[in-house]
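Read through the structure below, which is laid out as structure tokens, and then see the notes.
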Amino acid sequence: MAPMDTRSADRYGLLERDCSSFLSAVFGANVRRLRRASRITKTDFAKRCGVGRPYLDKVEHGKANPTLEYLGRFAAALDVDPLYLLTPQSPLGSGGDAGLAQFCGVANPVSSRGGDTDCV
């Protein structure tokens, strides 16, 4: 198995973290960002993916470790390539994803509203 691309992990200061946790955080942040951009409620999106709302919450917060089957379901529901969901989209210092900020233990650089709403 090839080692994780340390350049991506290093951008987020995650070299000491386990690879699956890093990928779960990236996956969740990307799912959340794309779902919100598509203005799909969590309830509707969970139904599209064939998962429960509590599981979707865990995914979006990087607390779940989805199987390849679920990677495919989420990618299909968002109409993106599955690999895109596993690719970090921006470094934290430049407006990175809230899910990664939470994973790294830093303040959320994106949201100024506070708590999560059902849709956006």
Side-chain angles (χ1 to χ4, degrees):
M1 181 165 83
M4 176 175 64
D5 177 4
T6 57
R7 292 171 299 177
S8 294
D10 189 46
R11 286 194 311 194
Y12 298 99
L14 300 176
L15 288 177
E16 291 79 38
R17 304 243 186 193
D18 129 340
C19 184
S20 66
S21 295
F22 173 71
L23 289 175
S24 294
V26 169
F27 178 75
N30 286 334
V31 166
R32 184 179 209 174
R33 182 177 42 75
L34 292 171
R35 177 190 60 78
R36 286 177 164 183
S38 298
R39 303 193 60 79
I40 304 168
T41 66
K42 285 184 179 182
T43 302
D44 288 343
F45 188 69
K47 287 178 187 175
R48 286 185 193 187
C49 295
V51 300
R53 167 89 188 259
Y55 182 71
L56 176 59
D57 287 336
K58 287 181 183 180
V59 166
E60 287 192 354
H61 290 95
K63 304 293 184 196
N65 192 9
T67 64
L68 292 175
E69 177 185 350
Y70 286 111
L71 170 64
R73 287 183 187 190
F74 281 81
L78 292 165
D79 196 28
V80 297
D81 186 290
L83 186 56
Y84 182 82
L85 294 177
L86 298 174
T87 305
Q89 299 304 311
S90 62
L92 281 175
S94 62
D97 294 313
L100 287 177
Q102 180 181 11
F103 177 76
C104 296
V106 298
N108 183 345
V110 177
S111 174
S112 59
R113 294 189 320 261
D116 189 25
T117 62
D118 189 38
C119 183
V120 288

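- Residues that satisfy the side-chain hydrogen bond (donor to acceptor under 3.5 Å, both in side chains) test with D44, not counting sequence neighbours, are T41.
- A donor-acceptor contact shorter than 3.5 Å is absent between the side chain of S24 and the backbone of G62.
- In plain terms, the two heavy atoms of V31 and L78 that are nearest each other are CA-CD1, 4.1 Å.
- For H61 against D57, the heavy-atom pair with the smallest separation is ND1-O, 2.8 Å.
- Taking each heavy atom of Y55 and P66 in turn, the nearest pair found is OH-CA, 3.4 Å.
- Under the rule for a ring pair (Phe, Tyr, Trp, His ring centres under 6.0 Å), the partners of F27 that lie at least two apart in sequence or sit in another chain are F74.
- One distance of note links NZ of K42 with CZ of R32; it measures 5.5 Å at 0.5 Å rounding.
- To the nearest 0.5 Å, atoms CG (N30) and CD (E60) are separated by 11.0 Å.
- Residues forming a ring pair (Phe, Tyr, Trp, His ring centres under 6.0 Å) with Y84 (at least two apart in sequence, or on another chain): none.
- Side-chain contact between L86 and L71 is present, with at least one heavy-atom pair separated by less than 4.5 Å.
- Listed by first and then second residue, the salt bridge (Lys or Arg N to Asp or Glu O under 4.0 Å) pairs that reach into residues 67-78 are E69-R73, sequence neighbours excluded.
- Shown here are the side-chain contact (heavy atoms from CB on, under 4.5 Å) partners of L83, two or more places apart in sequence or in another chain: D81, T87.
- Not counting sequence neighbours, the partners of S38 by the side-chain contact (heavy atoms from CB on, under 4.5 Å) test are I40.
- Contact between R48 and A77 at its shortest, heavy atoms only, is NH1-O, 4.0 Å.
- The two residues P88 and V26 make their nearest non-hydrogen contact at N-CG1, 3.6 Å.
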